Amino acid sequence: MVRDPRASQVLTDALLRSPRNFRSAWLRENAEEAVPFLAESGLNAEQAADIAAGARAVGEDRLVAARTGLAFEEESLRWMSATESSILSELPWQNTGVVIALRDLTGALLMTTDGYAIAAGPEAFVGRCVRAGTDEAKRQFARYANDMVDRQPDLFSIAQQYGCAGDGEHKVPDWMTWSRASQVSPGSAVDTHLSLMRELVAGTIEPRDFETAWWQTRRRDMEEGERASGQLSDALRAASSTVEDYVADPELRDPGDLDDEALVAAIAEVLKGLK
């Protein structure tokens, strides 16, 4: 099937890793600044005015929007002028996630249904989209994520990823780059790799299923632009080399290839060195 280039999925695939977050590769390429902030789902007049002002601040007079989520992938994209009245009249959606982007896709506002939005792109654009100011918005979001950690634990990883802190200076986030296992954001491809390794050693996944899932996750890792460094990078490279040496079918093994037991033992050694 040839996908309609006007379909919403064209926009969401380019910008989003999920209806709740941007793709790390897109952030790395475009985000001079990126800020999560508290916001109800659905656009109101203030939010529409803010994103319109953000677009005009970087010389854009047109915006493109789509609803997020599998149910809306085949909907047509919505194009509109960068004015409050146009945005409100062209985007009647309520109670669904929405992404609104500059037409060159260098900046965007993601509205989620989880009580927050994320503005990312040029500093001038983001500064206008976040009414409370970037530093204060990050502080508010950090406090909210901490208060909601039992009910919405994913918010805490969003706060970490975007450099939020309840007090003091905000760190400049290095999008999806980790040097230790303890730093990895839940739900990321690197987190999935670590979970697969633990499941293999615990015996809750078969070696051949582990191999398949490992390479599927590796492709996602590359697509998302996630990066490991230092100790974690060394461990993941060692694990990938081990998986490359594994041959599930005994009849196809050559001398030096790993069988099931050797794979499990080697991955267990890799895990021992992680913190």
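Remember, predicted model here, so these are calculated numbers, not experimental data.
Legend: salt bridge (Lys or Arg N to Asp or Glu O under 4.0 Å) pairs involving residues 205-215, not counting sequence neighbours: none detected.
A donor-acceptor pair is defined here as one N or O able to donate and one able to accept, closer than 3.5 Å; such a pair exists between the side chain of Gln231 and the backbone of Gly273. The backbone N or O of Glu75 lies less than 3.5 Å from a partner atom in the side chain of Ser8, making a donor-acceptor pair. A side-chain donor-acceptor contact under 3.5 Å links Thr192 to the backbone of Ser188. Without hydrogens or angle criteria, Trp79 side chain to Arg103 main chain gives no donor-acceptor distance under 3.5 Å.
A salt bridge between Glu29 and Arg23 is absent, with no side-chain N of the basic residue lying under 4.0 Å from a carboxylate O of the acidic one. A salt bridge does not link Glu244 with Arg237: none of the charged nitrogens is closer than 4.0 Å to a carboxylate oxygen.
To the nearest 0.5 angstrom, Phe210 atom CZ is 11.5 Å from Asp260 atom CG. Note that the CZ atom of Phe37 and the OG1 atom of Thr134 stand 11.5 Å from one another [nearest 0.5 Å]. Atom CG of residue Leu27 and atom CG of residue Leu15 lie 9.5 Å apart, to the nearest 0.5 angstrom.
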Donor-acceptor list for residues 111-129 side chains, cut-off 3.5 Å, not counting sequence neighbours:
from, atom 1, to, atom 2, distance (Å)
Thr112, OG1, Asp114, N, 3.1
Thr112, OG1, Tyr116, O, 2.7
Asp114, OD2, Arg20, NE, 2.5
Tyr116, OH, Arg20, O, 2.8

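Contact check for Leu43 versus Ile51: no side-chain heavy atoms found under the 4.5 Å cut-off.
With 3.5 Å as the limit, one finds no donor-acceptor pair spanning the side chains of Ser41 and Trp93.
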